[in-house]
> 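First the structure, then my questions, so here it is.
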Amino acid sequence: MNAASTQQRPEITIIGAGWAGLAAAVTLAAQGYRINLIEAAPQAGGRARRISIGDIELDNGQHILLGAYQELLGLLKTLGLKEEDIFIRTRLNLKMHCMHGKGLHITVPKLGNPLHMLIALLAASGLSIAEKWKIIRCWTTMMQSGFKLDQDQTVTDYLDKQQQSERLVKLFWRPICVAALNTDIEKASMQAFLNVLNRSFADNRANSDMLLPRTGLDRVLPQPALDFIRQKGGKVSTGERLLKINTGPEGVTDIETTKGYHVVTHLILATPYQQTRKLLAPLGHHAAITTAMMTLEDEPITTLYMQFPRHIRLEGYMQGVCDGISQWFIDRRTCNQPGLIAAVISASGTHMQMDRETLTQAVIAEIEKIFPDWPQPSSTWLVREKRATFSCTPASGNIRPQPGNIGHNIWLAGDFVDTGLPATLEGAVASGLQCARQIITDTSIT
Ligand SMILES: Cc1cc2nc3c(=O)[nH]c(=O)nc-3n(C[C@H](O)[C@H](O)[C@H](O)COP(=O)(O)OP(=O)(O)OC[C@H]3O[C@@H](n4cnc5c(N)ncnc54)[C@H](O)[C@@H]3O)c2cc1C
């Protein structure tokens, strides 16, 4: 790209330095666009950020990524980062404990598609032949339908029709669905679940791999992205909140923030849906989008970090619980925090009614039962994100706006836009990339 064409590229104003906004900013900066990135919080990262509690550095919630996160992995390549420096990649190893009864263990073997899933299920321990057959039959039905439903329904309704027993739902389907959609199966969208299953398990075997960050989340994307944007001449302002969007006949003319005014020619809103709704509502032009977004609901994610002695380790880095308060235990030795175990509880449930101490003790009691040799943790830190993601219900599929241009010079990004994925890092990144690609196409200089 020569200097003349770079000069002609417009400045793109991006609101929100979460993973969606960062993805858009990096992609556009790489193509020579000038970036003006405005973030309300003191740091970038949004809902996937580093936090400090006392003298310990933690993530605001343990995040797990999958091999299927192709857009995110591509973005890291744009930043010149190597996957192996950032993630530990392991084959999916689903070890589920039961507080009452026998658990389950499934490992995805190093075989090509579709043999990997078939062999994984046939070799699973903790399931009878009849149960394995039921899952395989259900899986075959999903594949035959091309992972598409004529009409969306809840995961529970679908699994009932597929005659999946209560035990199979408890041990196998529910943990996967809640982890993937952050929504309980009674209200989760089967179509969104099928989209995840299709991408993760029906294609390349490596898509089902788990990617565990080797560092805090800030060093996975936010920090390298900010460095890149600045190196390319972009501006990044943190601690600056967008308050008002001003428009004229041709669309947005300027914006008002807590630090002043910015003239705008191209505006990407990469804020969470609650903020996006509030910012767009006064403009009037986007009534259909803002009214629909009023009906999206939130789901929480709770993480309890527990510090055990350094020699305490979880086999396979991650293990699940199918009938407890805790859902997953993850070993933070992956990011050089030996002995630190994160217990993750996705979606809403009775745990949200518990006070911090009661919840902490309930999780520790489950640890004692599952790992009786472990001592008590010396410290614990509880992080509750009440608005972690939107609730991924069948209704949400009709409400989520399309990513990209919504008229004139406004583009929408964020995990809530309709990428077909639930609210995930991959969905956020994909939405940001989609905005960037549209802008590049619309403004390309021939
Ligand atoms: C605890 C937890 C665990 C999770 N676990 C996983 C996981 O294991 N795997 C996975 O894939 N996903 C996971 N997710 C989901 C994932 O973190 C989100 O989907 C993703 O981070 C959303 O990114 P985003 O850029 O769309 O939105 P956000 O991260 O919310 O970014 C929006 C940004 O906009 C800023 N902003 C808002 N209003 C304004 C304003 N007026 N002016 C300027 N800036 C503003 C915000 O401060 C924020 O930085 C988890 C989420 C949480 C909370």
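Basis for what follows: all heavy atoms, side chains included, without hydrogens, waters or symmetry-related copies. For ligands, and for the atoms within them, numbers begin at 1 and follow the listed sequence.
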> If you define the side chain from C-beta out and look only at heavy atoms, does anything of Phe329 sit under 4.5 Å from Ile367?
yes
> Which ligand 1 atoms, with their elements, are less than 4.0 angstrom from a heavy-atom of Glu240?
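Near Glu240, meaning under 4.0 Å from one of its heavy atoms, ligand 1 has 43 (C).
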> Which atoms of ligand 1 sit under 4.0 Å from any heavy atom of Ala423?
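Here the atoms of ligand 1 in question are 15 (C), 19 (O).
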> Considering only protein heavy atoms, which is closest to atom 25 (O) of ligand 1, and at what distance to one decimal place?
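Minimum-distance protein heavy atom for atom 25 (O) of ligand 1 reads Ala20 N, 3.0 Å.
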> If you count the atoms of ligand 1 from 1 in the order shown, which ones are under 4.0 Å from a heavy atom of Tyr69?
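Those atoms are 9 (N), 10 (C), 11 (O).
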> Taking distance alone, with no angle check, do Leu425 and ligand 1 share an N/O pair under 3.5 Å?
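In this structure, Leu425 places an N or O atom under 3.5 Å from an N or O of ligand 1.
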> What atoms of ligand 1 come within less than 4.0 Å of a heavy atom belonging to Gly18?
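This gives 25 (O), 29 (O), 31 (O), 33 (C), 49 (O) as the contact atoms.
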> Specify the protein heavy atom at minimum distance from atom 42 (N) of ligand 1: its residue, its atom name, and the distance to 0.1 Å.
Leu242 N, 2.9 Å
> Under 6.0 Å between ring centres, would you say that holds for Tyr317 and Trp328?
no
> Examine Thr389 against ligand 1 and note whether any of their N/O atoms are separated by less than 3.5 Å.
no
> For Gly46, take its heavy atoms, then give the atoms of ligand 1 lying under 4.0 Å from any of them.
29 (O), 31 (O), 48 (C), 49 (O)
> Counting N and O atoms only, with roles assigned by atom type, does the side chain of Arg9 sit under 3.5 Å from a partner on the main chain of Gln31, one being a donor and the other an acceptor?
yes
> Output the list of atoms in ligand 1 that are nearer than 4.0 Å to some heavy atom of Ala270, sorted by atom number.
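So the answer, numbered in order with elements, is 32 (C), 33 (C), 34 (O).
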> Look at atom 19 (O) of ligand 1 and say which protein heavy atom is nearest, naming residue and atom and giving the distance to 0.1 Å.
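Ranking protein heavy atoms by distance from atom 19 (O) of ligand 1, first comes Asp415 OD2, 2.7 Å.
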> Please work out, at 4.0 Å between heavy atoms, whether the side chain, the backbone, both, or neither of Phe416 comes within that distance of ligand 1.
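Contact part for Phe416 vs ligand 1: neither.
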> Using a 3.5 Å cut-off on N or O atoms only, is Thr271 in polar contact with ligand 1?
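No, Thr271 has no N/O under 3.5 Å of an N/O on ligand 1.
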> Can an N or O of Gly414 be found at a distance shorter than 3.5 Å from an N or O of ligand 1?
no
> Answer yes or no: does an N/O atom from Asn60 fall short of 3.5 Å to an N/O atom of ligand 1?
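N/O-N/O distance under 3.5 Å: no.
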> Which atoms of ligand 1 have any heavy atom of Gly61 under 4.0 Å away?
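Heavy-atom distances to Gly61 below 4.0 Å select 1 (C).
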> Among Ala40, Pro272, Ala388, which one has a heavy atom closest to atom 37 (C) of ligand 1?
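Comparing heavy atoms across Ala40, Pro272, Ala388, the nearest one to atom 37 (C) of ligand 1 lies in Pro272.
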> Purely on distance, is any nitrogen or oxygen of Leu279 under 3.5 Å from one on ligand 1?
no
> Under a 4.0 Å heavy-atom limit, does Gln62 contact ligand 1 with its side chain, its backbone, both, or neither?
backbone
> Tell me whether the count of non-hydrogen atoms from other residues, nucleotides or ligands lying under 6.0 Å of CE in Met294 goes above 12.
no
> Check whether more than 12 heavy atoms from other residues, nucleotides or ligands sit under 6.0 Å from atom NZ of Lys386, and answer yes or no.
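Atom NZ in Lys386 is not packed in, count stays at 12 or less.
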> Counting only heavy atoms not in Arg313 (residues, nucleotides, ligands), do more than 12 fall under 6.0 Å from its CZ?
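Not more than 12 within 6.0 Å, no.
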> Any side-chain heavy-atom pair from Ile325 and Leu359 closer than 4.5 angstrom?
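Yes - at least one pair of side-chain heavy atoms lies under 4.5 Å apart.
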> Heavy-atom contacts under 4.0 Å between Ile15 and ligand 1: side chain, backbone, both, or neither?
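It is the side chain that gets close, since no backbone atom is under 4.0 Å.
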> Can you find an N or O of Ile64 that's nearer than 3.5 Å to an N or O of ligand 1?
yes
> Flag the pair Tyr33 / Glu11 as yes when at least one side-chain heavy-atom distance between them is below 4.5 Å, and no otherwise.
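No. Closest side-chain heavy atoms not under 4.5 Å.
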> Glu39 to ligand 1: N or O pair under 3.5 Å?
yes
> Is the positively charged end of Arg400 above the ring of Phe416, judged by distance under 6.0 angstrom from the centroid and angle within 45° of the axis?
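Judged by the rule, Arg400 and Phe416 form no cation-pi pair.
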> Answer yes or no: does atom CG of Asn336 have more than 12 heavy-atom neighbours from other residues, nucleotides or ligands under 6.0 Å?
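It does not: Asn336 CG has 12 such atoms or fewer within range.
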> Counting C-beta onward and ignoring hydrogens, is there a side-chain heavy-atom pair between His262 and Ile38 closer than 4.5 Å?
yes
> Geometry only, no angles: is His63 polar-contacting ligand 1 at N/O separations under 3.5 Å?
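So ligand 1 has an N or O lying under 3.5 Å from an N or O of His63.
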> Indicate yes or no for a side-chain donor-acceptor contact from Glu426 to the backbone of Glu71 under 3.5 Å, with no hydrogens or angles considered.
yes
> Check whether any side-chain heavy atom of Leu217 lies under 4.5 Å from a side-chain heavy atom of His63, and answer yes or no.
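Yes, close enough: below the 4.5 Å cut-off.
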> Any N or O on Thr303 sitting closer than 3.5 Å to an N or O of ligand 1?
no
> For atom 23 (O) of ligand 1, grab the closest protein heavy atom and report residue, atom and distance to one decimal in Å.
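The answer is Ala428 CB, 3.5 Å.
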> For Gln275, which part has a heavy atom under 4.0 Å from ligand 1: side chain, backbone, both, or neither?
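It is the side chain that touches ligand 1; the backbone stays farther off.
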> Specify whether Phe147 and Trp139 have parallel, tilted or perpendicular ring planes, treating 30° as the upper limit for parallel and 60° as the lower limit for perpendicular.
perpendicular
> Do the side chain of Arg49 and the main chain of Pro222 share a donor and acceptor less than 3.5 angstrom apart?
no
